Amino acid sequence: MAKGFGSRGMPGMGGGINMNMIKKAQKMQEDMQKMQEELENATYTATAGGGVVTATVSGKREVTALEIDPEAVDPEDVEMLQDMVIAAVNEALRNAETAAAEGMQKITGGLNLPF
């Protein structure tokens, strides 16, 4: 057997893997899975142009609805409408990202985990 390794675990690890730590990690993993499912099933809505354009996205980052007030449609200024649609969709996507980040922050307790 290699020196420093054995039934007591890795050197410097306090005599082995703490079963409580394993249980906490499993609980965190379960909570993360549940949170991910909740986030994917949620919808996020944002508006632009004072509410004349409303975009809704799913937690899967897919546009699920787009509402445009007919008064916002000006054939002379299509670019303005395009800008409002882009702004509303991007804001809804940011809302989804923020919700996901906040949810993971709650679960991980501020740990800097790579996901």
Side-chain angles (χ1 to χ4, degrees):
M1 190 175 305
K3 186 176 181 179
F5 293 94
S7 63
R8 292 189 312 239
M10 296 183 63
M13 296 297 285
I17 297 176
N18 183 335
M19 290 304 289
N20 195 31
M21 281 181 23
I22 292 173
K23 287 180 182 179
K24 285 182 181 179
Q26 288 172 337
K27 172 79 167 106
M28 185 184 300
Q29 185 177 18
E30 290 170 7
D31 289 347
M32 287 172 51
Q33 179 67 32
K34 182 179 176 185
M35 175 68 68
Q36 185 175 13
E37 289 172 8
E38 289 174 6
L39 290 168
E40 286 180 357
N41 291 325
T43 59
Y44 306 90
T45 302
T47 62
V52 296
V53 175
T54 302
T56 303
V57 300
S58 71
K60 294 180 182 181
R61 305 338 181 251
E62 297 172 341
V63 177
T64 59
L66 181 64
E67 297 174 26
I68 300 172
D69 184 328
E71 292 181 23
V73 181
D74 179 359
E76 301 295 320
D77 194 3
V78 174
E79 287 181 19
M80 175 66 81
L81 179 57
Q82 291 169 335
D83 289 344
M84 288 188 291
V85 168
I86 290 168
V89 169
N90 285 335
E91 183 63 23
L93 289 170
R94 277 191 292 276
N95 292 345
E97 288 294 327
T98 299
E102 289 172 355
M104 288 300 150
Q105 178 77 15
K106 288 178 187 176
I107 291 172
T108 63
L111 297 175
N112 235 354
L113 301 175
F115 30 69

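One-based numbering along the sequence shown. Owing to the predicted nature of the structure, the values given are computational and were not obtained by experimental measurement.
Residues V73 and M80 share a single hydrophobic cluster, defined by chaining ILVMFWY side chains whose heavy atoms lie under 4.5 Å apart.
Contact between A46 and A88 at its shortest, heavy atoms only, is CB-O, 3.6 Å. Here the shortest heavy-atom pairing between Y44 and A96 reads CD1-CB, 3.4 Å. Contact between E40 and S58 at its shortest, heavy atoms only, is O-CB, 4.5 Å. Of all the heavy atoms in V53 and V85, the pair that sits closest is CG1-CA, 3.8 Å. Here the closest heavy-atom approach between residue V52 and residue G49 is recorded as CG2-O, 3.2 Å. Taking both residues in full, the closest heavy atoms of A72 and I68 are given as CB-CG2, 4.2 Å, listed atom of the first, atom of the second, then distance.
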Could you walk me through whether K24 and K27 pass side-chain contact (heavy atoms from CB on, under 4.5 Å), step by step? CA-CA 5 Å; K24 285 182 181 179; K27 172 79 167 106; 5.6 Å; no
Stepwise side-chain contact (heavy atoms from CB on, under 4.5 Å) check, D31 with K34: CA-CA 5 Å; D31 289 347; K34 182 179 176 185; 5.6 Å; no
Apply side-chain contact (heavy atoms from CB on, under 4.5 Å) to residues L81 and M84 and explain how you reach the verdict. CA-CA 5 Å; L81 179 57; M84 288 188 291; 4.2 Å; yes
side-chain hydrogen bond (donor to acceptor under 3.5 Å, both in side chains) assessment of E37 paired with Q33: CA-CA 6 Å; E37 289 172 8; Q33 179 67 32; 3.1 Å; yes
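From M28, atom CE reaches atom NZ of K23 across 16.0 Å, with rounding to the nearest 0.5 Å. Atom OG1 of T98 is separated from atom CD of Q105 by 12.5 Å, given to the nearest 0.5 angstrom.
A donor-acceptor pair under 3.5 Å is absent between the side-chain atoms of T56 and the main chain of T64, judged by distance alone.
Salt bridge status for E91 with R94: present, with a side-chain N to carboxylate O gap under 4.0 Å.
Identified under the salt bridge (Lys or Arg N to Asp or Glu O under 4.0 Å) test for residues 47-76, with sequence neighbours left out: R61-E97.
With 3.5 Å as the limit, one finds no donor-acceptor pair spanning the side chains of E30 and Q26.
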